[in-house]
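Read the structure below first, then the notes.
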Number of protein chains: 2
Amino acid sequence: MDSSSTERTIEYDKLLADFKALLKDKALKFTNQREKILETLYYSQEHLTPEALHLLIKEKYPELNAGIATIYRTLSMLEENDIVSSLSFGAQGKKYELGAKDHHDHMICTECGEITEFVDDVIEAQQHKIAEKFGFKMHDHSMQIYGICKKCQNN
Amino acid sequence: MDSSSTERTIEYDKLLADFKALLKDKALKFTNQREKILETLYYSQEHLTPEALHLLIKEKYPELNAGIATIYRTLSMLEENDIVSSLSFGAQGKKYELGAKDHHDHMICTECGEITEFVDDVIEAQQHKIAEKFGFKMHDHSMQIYGICKKCQNN
DNA sequence: TTATGGTTTGATAAACAGTCTCATTATCTA
DNA sequence: TAGATAATGAGACTGTTTATCAAACCATAA
Ligand SMILES: [Mn+2]
Ligand SMILES: [Mn+2]
Ligand SMILES: [Zn+2]
Ligand SMILES: [Zn+2]
């Protein structure tokens, strides 16, 4: 079966150093806002909407006075550079998470919203086979399983 | 491998009769608007945004004078009753398609937007196994493979 | 058939998410 | 440290989806 939960695989210091290197490489600037956004994403275990991330940052760093536009701009930039990934399901809009974890897919409880992460080698391998069959050059994929979690089944 | 394209599996008359029965069962009314929305979804092979569907209907049935709000309302109702399903990826918003086809997943070209449908038995079976392992009661799932289609690779 | 009451509708206002603009501020490099 | 330029916050703006409500419509039963 090989399904398993995922866990963070990179230290924050390393992540930050890589991020600084990336910015330098692309002639982008290392700003306070960008740093706090990265940090907040790293230390949050949640899948965050831009709005939720904005709130967290306003709470923790009120003096930063970060604007929502910067949150959106930075999330887009981070996603383009494969540092975060986004997940969109239902009407709830996009949710972002730090991609410093290994790739994984999601199981979503439609009752309580709980998101369980997993990786399954059989599925990963099969996706490559399918893409190959259609002459398709796969860059990425996303899989969601919807249903009712253990906890909600017992309520 | 068992991947294959999908095709429509139900006659329109049957679909319409089932729809009428459903409406009656739920004490909802069979209206001209609802009929034309169902019909247009059935005969379109595309994955349609609410806006695109609205345009199609205005072209074909101008005298109906269908409002966009009715399109949204009806699509939601159809989705709740598993008659259509929606697919949302990127910023492009939700696209709807008639679920009278068999279940299938999607392969999306990020260059030209082409959507290829497929079903893969290995993946279908594996998803059940994963849900089972986590004590999760699966209701639905959705998988998208993103990449570059054959055509776009040769451009 | 027609009357009746609840449903559905279209128009339009409102909410909402996300993007754009631009004057000001911050960062980087020499 | 200064100058060039990138990034920022505020808020205007866009496009999409939802809510409101009076008018029209549909199903039912007389
Ligand atoms: Mn995740
Ligand atoms: Mn499809
Ligand atoms: Zn749950
Ligand atoms: Zn293509």
Side-chain angles (χ1 to χ4, degrees), chain A residues 16-17 19-40 47-59 61-81 83-84 86-96, chain B residues 16-17 19-38 40 47-59 61-81 84 86-96:
Chain A
L16 183 60
F19 183 48
K20 284 182 177 173
L22 173 83
L23 292 176
K24 174 154 275 180
D25 186 54
K26 303 224 162 171
L28 300 174
K29 294 175 177 176
F30 179 70
T31 65
N32 231 315
Q33 289 83 346
R34 284 171 176 170
E35 180 180 10
K36 297 315 178 201
I37 289 169
L38 187 77
E39 188 196 279
T40 304
H47 297 79
L48 296 170
T49 60
E51 180 60 31
L53 177 57
H54 189 215
L55 280 174
L56 277 183
I57 288 174
K58 280 199 291 188
E59 275 169 23
Y61 304 103
E63 78 287 358
L64 190 64
N65 196 29
I68 186 72
T70 296
I71 305 289
Y72 277 104
R73 284 187 286 234
T74 303
L75 283 172
S76 296
M77 185 264 280
L78 289 171
E79 188 167 29
E80 273 165 29
N81 290 289
I83 294 171
V84 304
S86 68
L87 178 62
S88 68
F89 48 92
Q92 303 158 69
K94 268 194 192 177
K95 291 187 176 178
Y96 291 82
Chain B
L16 183 60
F19 183 48
K20 284 181 176 174
L22 173 85
L23 291 176
K24 174 155 275 182
D25 187 54
K26 304 226 162 173
L28 301 173
K29 293 178 177 176
F30 180 70
T31 64
N32 230 316
Q33 288 84 347
R34 285 171 176 170
E35 180 178 13
K36 298 315 178 202
I37 288 169
L38 187 76
T40 304
H47 296 79
L48 296 171
T49 61
E51 179 61 30
L53 177 58
H54 189 215
L55 280 173
L56 277 181
I57 289 174
K58 280 200 291 189
E59 275 168 24
Y61 304 103
E63 78 287 356
L64 189 64
N65 195 30
I68 186 71
T70 296
I71 305 288
Y72 277 102
R73 284 188 286 236
T74 304
L75 283 172
S76 296
M77 184 264 280
L78 290 171
E79 187 166 31
E80 272 164 29
N81 290 290
V84 304
S86 69
L87 179 62
S88 68
F89 48 90
Q92 302 157 72
K94 269 193 190 178
K95 291 187 175 178
Y96 291 81

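Computed from a predicted model, the values in this text were never measured in an experiment. Chain letters run A, B, ... following the sequence lines, proteins first, then strands; residues in each count from 1.
- To the nearest angstrom, C1' of C/dA15 lies 14 Å from CD of A/E51.
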Could you list all N or O pairs between the protein and nucleotides 10-12 of chain D that sit under 3.5 Å apart?
| unit_1 | atom_1 | unit_2 | atom_2 | d |
| --- | --- | --- | --- | --- |
| D/dA10 | OP1 | A/N65 | ND2 | 3.3 |

Could you run down the sub-3.5 Å N/O contacts of the protein with nucleotides 24-27 of chain C?
| unit_1 | atom_1 | unit_2 | atom_2 | d |
| --- | --- | --- | --- | --- |
| C/dT27 | O2 | A/K29 | NZ | 2.9 |

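- Taking atom NZ of B/K58 as the reference point, atom P of C/dG10 lies 11 Å away to the nearest angstrom.
- Taking the side chain to side chain contact (heavy atoms under 4.5 Å, CB included) definition, one finds that A/A17 meets it with nothing, sequence neighbours left out.
- A/Y72 has no side-chain polar atom (N or O) that falls below the 4.0 Å cut-off from OP1 or OP2 of C/dT19.
- Among residue pairs with one or both ends in residues 64-81 of chain B, those qualifying as salt bridge (Lys or Arg N to Asp or Glu O under 4.0 Å) are B/E79-B/K94; sequence neighbours excluded.
- If you take CG of B/L75 and P of C/dT9, they are 12 Å apart, rounded to a whole angstrom.
- Rounded to whole Å, the distance from CD on B/E79 to C1' on D/dT17 is 14 Å.
- At whole-Å resolution of the value, CD1 in B/I71 and P in C/dT12 are 17 Å apart.
- Remark: A/E35 pairs with no residue by the salt bridge (Lys or Arg N to Asp or Glu O under 4.0 Å) rule, at least two apart or across chains.
- Partners of A/K24 by side chain to side chain contact (heavy atoms under 4.5 Å, CB included), not counting sequence neighbours: none found.
- Remark: DNA chain C forms stems of 3 or more consecutive Watson-Crick or G-U wobble pairs, all pair distances under 3.5 Å, at C:1-30 with D:1-30.
- The side-chain heavy atoms of B/L55 and B/E51, taken from C-beta on, include a pair separated by under 4.5 Å.
- A distance-only check finds no donor-acceptor pair linking the side chain of B/R34 to the backbone of B/L23 [under 3.5 Å].
- In this structure, CD of B/E35 is placed 15 Å from C1' of D/dC25, rounded to the nearest angstrom.
- Every residue meeting the side chain to side chain contact (heavy atoms under 4.5 Å, CB included) condition with A/N81, not counting sequence neighbours, appears here in chain and number order: A/L22, A/K26, A/M77, A/I83.
- The two residues A/V84 and A/L75 make their nearest non-hydrogen contact at CG2-O, 3.9 Å.
- Annotation: ring pair (Phe, Tyr, Trp, His ring centres under 6.0 Å) contacts of B/H47 (sequence neighbours excluded): B/H106.
- When the C1' atom of D/dT16 is taken as reference, atom NE2 of B/H54 falls 14 Å away, rounded to whole Å.
- Residues passing the side-chain hydrogen bond (donor to acceptor under 3.5 Å, both in side chains) test with A/Q33, sequence neighbours excluded: none.
- Rounded to an integer number of Å, the gap from CG of A/L64 to P of D/dT8 is 10 Å.
- A donor-acceptor pair is defined here as one N or O able to donate and one able to accept, closer than 3.5 Å; such a pair exists between the side chain of A/T40 and the backbone of A/K36.
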